[in-house]
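Quick caveat, the model's predicted, so the values are computed rather than measured. Each chain gets a letter, A, B and so on, in the order its sequence line appears, and its residues count up from 1.
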Amino acid sequence: MRTSQFFFTTLKEAPADAEVVSQKLMLRAGLIKRVAAGIYTWMPLGLKVLRKVEAIIREEMNHAGALELLMPAVQPAELWQESGRWTQYGPELLRFKDRHQRDFVIGPTHEEVITDVVRRDVKSYRQLPINLYQIQTKFRDEIRPRFGVMRGREFLMKDAYSFHTSYADLEREYQNMFETYSRIFTRLGLTFRAVAADTGAIGGTGSHEFHVLADSGEDAIAYCPDSDYAANVELAEGVVPEKSRGAATQSLAKVPTPGKTACADVAALLDLPLNRTVKAIAVVNEEESGKRFALLLLRGDHDLNEIKTSKIEGLSPFRFATEAEIVEFLGCKPGYIGPVGVDFGKVRVIADRVVAAMSDFVCGANEEDFHLTGVNFGRDVPEPEVADIRNVLAGDASPDGKGALEICRGIEVGHIFQLRTKYAQALECCYLDEQGKTQVMEMGCYGIGVTRIVGAAIEQGHDERGIIFPAAIAPFEVCIVPMAYAKSDAVKTASDQLYADLKAAGIDVVLDDRNERPGVLFADMELIGVPHRLVVGERGLASGQIEYKGRCDAEAVMVARDQVLTFLREKLCCVPAC
RNA sequence: CGGAGUGUAGCUCAGCCCGGUAGAGCACUGCGUUCGGGACGCAGGGGCCGGAGGUUCGAAUCCUCUCACUCCGACCA
């Protein structure tokens, strides 16, 4: 490709509303253009990157035995009504009516359609297992699209669905996909980690997320550097402290804490560490059967994990209590509430595992402007229910007992689920087994956010000059930057020849033949993230040499003209650009 | 959905308080000089100042409504 023949649109300044680095750089490099909130056009340069990502995914999926198909983006409401998600899914599901007033959706995912496909054509155990995938545009009407292609509304996704005659076979394929995903992200040149995940709204049991590690990631990941344990913080288990609860050494005392509603303020006032305090969070479970009020106890420096909490029996769904409800049940304004003196018959008290092991702690007195010190379970307050309801923190013991947890941030680029029979059951996706008996299929589903990968790659690889793409997905592998292409015949001839040679060698090369000053050429090639650069100038040509510089190299090196191809080949296949 | 903010040239922004026929830098076009790290000169093109209504002799500027976008929160995954 010659830049003069390409649609090349770089910007010196990023649009003011771009928030994250990848978004700014993608807009500056002209990879994408914003069309509406969370909706982008992929320009030719960006599409080259996207297609390279797709190609790697497609190759590895095919290699893993999956079969590609293409389902419609537009889906009839009937299928969603049949699975029950027509009502379960919120406004995130984009619905519309056609000219006959029939309801349709623009698919945010394709479980319904694929299950329909399979139930129509798969009748026998002999046709199973099967793994079908597509690379397709999805639409999720996010409340707040942001971060460019990282959380867009329209995005490209690879989604695969597998069907099995047994859970054991589903587990086998799940493992197959786990390994396939690891190969895909490795080939893409990304630093990633597979983490145990919550199964969320899609439902099912086993689930792993694949995260590209980056500080700007939206998800917090707890991992153990000393083992392979890694889990989304939403799911990471807070383990029971090894030490059992200490004996009570203090007597219960009421202390004035006017205006101190936060644990940190109370701790500071009493000159105690924050981890001696206990905060109480009032929640309400409201269903047709009535309203139930509960008090959740957490150590002052811990945060509530709503996902874990919502899994407590009888508490789901829960919401935070209103001030009026708190006054109604505890007779006290929020900020000073605690478990002491509450009627355990009316209020359910659930302590985090860590709190349950505390003694002589500080908590609200259920009286405005007062807290209690020296509080002990069993003596001052009945033993509460105990559950794991907090977010783990860095330094916590790893649940596998092999060291301490660290927390890092990640961008979720892949997610694999064992759906089991959730959709197959709802949509009656069945087959006949060896005995001729009707059985429901076991299902797995496996997604990769294709567009998000491009953003994630840039979050992971960039510097002040622009994008540093992994070689596997860079828009071009090599650029040739001629010094005065329009002026010097020697440079022009040598550049054209080099370009032809590299192209003939199957290298994805771009020749920047624009009649611009060198600074412009250098800056643009660096901005768009081309990993390898060859500079052709009269200076080097005089001694039969071409200058080479990797995108991250500090210094350029001179390479003999007739050695360039060999030199480059080695760089391209063996050495990462950075 | 609640709170805050922003809409002026393709991009970044000034002008708005204090009404008087629309500006800068970058980008773009032409000519010339320049040419190994985002050059310079001269000459140009480009805007219904988000939209509608109102106040006024006169509105980018003041008022009302509306739309879009952004941020924080809630929600969702």
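In summary, the aromatic rings of F178(A) and F210(A) are positioned with their centroids under 6.0 Å apart.
Within the nucleic acid shown, V481(A) has no heavy atom closer than 4.0 Å to any nucleic acid atom. Looking at heavy-atom distances under 4.0 Å, E516(A) makes no contact with the nucleic acid at all. Within 4.0 Å of R146(A), counting heavy atoms only, lie sugar-phosphate atoms of the nucleic acid but no base atom. Among the protein residues, A36(A) comes within range of no part of the nucleic acid, since none of its heavy atoms lies under 4.0 Å from any strand.
Remark: A60(B) base-pairs with no nucleotide in the shown strands. Criterion, Watson-Crick or G-U wobble with two distances under 3.5 Å. Remark: A24(B) base-pairs with U12(B); criterion is Watson-Crick or G-U wobble with both hydrogen-bond distances under 3.5 Å. Nucleotide C65(B) forms a Watson-Crick or G-U wobble pair with G51(B), both donor-acceptor distances falling under 3.5 Å. Of the nucleotides present, U29(B) is the one that pairs with A43(B) by Watson-Crick or G-U wobble criteria, both distances under 3.5 Å. In this entry C18(B) has no Watson-Crick or G-U wobble partner, no candidate having both defining distances under 3.5 Å. Checking G73(B) for Watson-Crick or G-U wobble geometry (two distances, each under 3.5 Å) identifies C1(B) as its partner.
Of the P atoms belonging to U55(B) and A14(B), the separation is 31 Å, rounded to the nearest Å. Taking the P atoms as reference points, C48(B) lies 9 Å from A9(B), given to the whole Å.
Annotation: of the two residues near RNA chain B, F522(A) and P145(A), the 5′-most nearest-nucleotide partner is F522(A). Along RNA chain B, the nucleotide closest to A37(A) and the one closest to E306(A) are compared, and the more 5′ of them pairs with A37(A).
In the interface, the side chain of R533(A) is paired with the base of G37(B) through a donor and an acceptor atom under 3.5 Å apart. For G38(B), its base sits under 3.5 Å from the side chain of R28(A) at one donor and acceptor pair at least. Put simply, the side chain of E234(A) and the base of A77(B) share a donor and an acceptor less than 3.5 Å apart.
Closest to the D17(A) side chain, of the nucleotides G36(B), U70(B), A27(B), is U70(B). Between A27(B), A77(B), C13(B), one nucleotide has an atom nearer to the side chain of A16(A) than all others, and that is C13(B). Listed nucleotides A77(B), A39(B), U12(B) differ in distance to R517(A); the shortest reach to its side chain belongs to A39(B). The nucleotide whose nearest atom lies closest to any side-chain atom of E13(A) is, among G38(B), U12(B), C69(B), U12(B). For E526(A), the side-chain atoms get nearest to G37(B) when compared with the rest of G38(B), U70(B), G37(B). Side chain of E92(A), nearest nucleotide from U70(B), A77(B), G36(B): A77(B).
Aromatic ring pairs are classed by plane angle as parallel below 30°, tilted from 30° to 60° and perpendicular above 60°; the pair F293(A) and F329(A) is parallel.
Judged by distance alone, the side chains of K549(A) and H532(A) never bring a donor and an acceptor atom under 3.5 Å apart. For the 3.5 Å distance criterion, the side chains of D159(A) and Y161(A) qualify, holding a donor opposite an acceptor. For the residue pair S207(A) / H415(A), a side-chain donor-acceptor distance below 3.5 Å is found, with atom types taken as modelled.
Spacing between atom CG of D219(A) and atom C1' of A77(B) amounts to 9 Å, rounded to whole angstrom units.
The side-chain heavy atoms of Y181(A) and Y446(A), taken from C-beta on, include a pair separated by under 4.5 Å.
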